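To start, the structure under review is shown below, and the notes come after it.
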Amino acid sequence: MGSTDEPNKSTSLFDYSSPSEPFLSKTPFSSSPPIEEASPSLADESEPTQYPQISYNYGPRSFKDLPFLILFAFCVLCTFAFGIFSVFHRNPNYSKLSSYTYDSNSTSCVKDSLSSSDDGFFETHVYFYFLSSSNSGVWKALIWSLVITFILSAPICFLLLLLLKHYTKQIVYMSLPFFIVIPIFFNVYWFVACTVSSSCSDGLPLVYRILVLIFVFLVIGVIVWIFVANWHRIELTVMIIGVASDALSKNLGLFVALPLLILCLVVYYAPIVVFLVFSRLNGKIVPKETSAGYTCVWKQDSWVPAYYALAILTMLWSLAAMIEAQVYVISGTVAQWYFTKEDSAPKRSIRSSLRNAFGPSSGTVCLSGLLIFVVRMVRGAVDSAKQEDIPGQ
């Protein structure tokens with residue numbers, strides 16, 4: 001283990017000439033036969049079934065999908081540029097709409113001179129409202145809830161990680177019966193409850209209740225058959241969870257890097273939300289004819305709805321891109337840990353993954369984020385269309 005000429009783990013992990021060596025094992029088995037002892041004839045016969053060796057590329061990466069990165073940067077730039085414009089171009093008369101009346105002589109809305117003393121009433125009222133709210137117990141309860149959640153979440157996460165690392169097989173096997181027991185419980189529960197309830201038993205005769213009960217039990221039987229037929233996949237899942245928990249325990253910096261990415265996204269969202277609030281103040285007070293005569297209403301500028309669409313699109317795209325960036329950071333960090341020697345640890349793996357996610361891979365992150373956003377939008381549109389087709393909805 002301490003020699004300098006020890007082969008890389010990627011070579012030993014994917015040595016398919018050793019059938020006793022597991023695919024996901026981080027530590028190679030010492031009982032596996034060495035590569036040089038294999039017969040040449042056997043090596044030639046197994047050559048067509050050999051898979052290419054997988055390794056981690058520590059070298060520089062080239063930039064890809066740059067058009068999508070440029071498009072994303074353009075959307076962000078336009079969102080902030082028009083947002084700053086909306087702040088300086090806002091109409092302060094928005095909060096004084098009630099003090100404007102229609103003047104038939106000028107056929108426009110003019111400010112009522114009697115209400116001039118109440119010009120700052122709205123701003124003063126809002127100021128004292130937030131001031132009184134800050135002194136109330138709501139903020140104190142919210143802060144204490146966040147503090148308690150933060151204090152308790154850390155030990156719970158570490159305890160769960162410790163259990164998954166040392167008792168992976170036991171946890172997975174103990175959770176499998178719940179996929180069977182819980183459906184059986186609810187199936188029997190609804191049958192008994194419907195039988196006891198007179199309204200349900202009258203609406204659903206006993207024959208139909210028995211048929212539904214049998215059908216659900218058949219579905220549960222199919223689930224059991226799936227478990228039995230794919231038991232090797234369950235064992236593979238146990239191995240994957242074990243390696244993942246081991247990787248996370250050796251890269252605890254991810255517990256800091258990932259929440260910081262979320263915090264950066266919140267800080268990034270804050271000015272956009274402010275811009276959306278100020279964009280509502282871009283417009284003018286105009287007269288509008290109603291059945292009772294003319295009244296003064298607020299009319300937004302024509303570009304405000306388009307800015308709302310642009311800002312919301314940018315926020316959703318940024319959220320999807322941040323999720324993809326987190327995936328890149330996690331996978332890159334774990335991959336560097338996985339393909340290192342047993343007696344060494346990767347240096348600055350999280351920093352390298354962050355640099356790759358927001359550097360050479362940033363265009364791919366934006367592309368993947370856009371695809372996820374489009375798929376979710378299409379799926380949401382299809383689901384809403386299906387609900388509209390249902391009678392009575």
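Everything numeric in this text was worked out from a predicted model, so none of it was measured.
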Is a side-chain N or O of [X] found less than 3.5 angstrom from the main chain of [Y], in a donor-acceptor match?
| X | Y | value |
| --- | --- | --- |
| Y328 | S353 | no |
| T168 | V238 | no |
| Q336 | S349 | yes |
| S201 | S198 | yes |
| N282 | S86 | yes |
| T333 | I330 | no |
| N91 | N93 | yes |
| N187 | P183 | no |
| S197 | A193 | no |

Determine whether more than 12 heavy atoms belonging to other residues, nucleotides or ligands lie under 6.0 Å from atom OH of Y269.
yes
Say whether S361 and N356, considering side chains only, have a donor N or O and an acceptor N or O under 3.5 Å apart.
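No, no side-chain donor-acceptor contact under 3.5 Å.
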Per ring-ring contact (aromatic ring centres under 6.0 Å, His included), Y173 is matched among F178, W231, Y167 by W231
Could you point out which residue of Y268, F72, F373 forms a ring-ring contact (aromatic ring centres under 6.0 Å, His included) with W317?
F72
Determine whether F191 and L206 make a side-chain contact, defined as any pair of heavy atoms from C-beta on separated by less than 4.5 Å.
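F191 reaches L206 side chain to side chain.
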Using side-chain heavy atoms (C-beta onward) and a distance below 4.5 Å, is P67 in contact with L71?
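The answer is no, as the side chains (C-beta and beyond) never meet within the 4.5 Å cut-off.
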In terms of relative ring orientation, are F82 and F85 parallel, tilted or perpendicular, with 30° and 60° separating the classes?
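It falls in the perpendicular class, over 60°.
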Where does the angle between the aromatic ring planes of F179 and F227 fall among parallel (under 30°), tilted (30 to 60°) and perpendicular (over 60°)?
perpendicular
Given the side-chain rings of F275 and Y307, with only the six-membered ring counted for Trp, is the space between their centroids under 6.0 Å?
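No, ring centres 6.0 Å or more apart.
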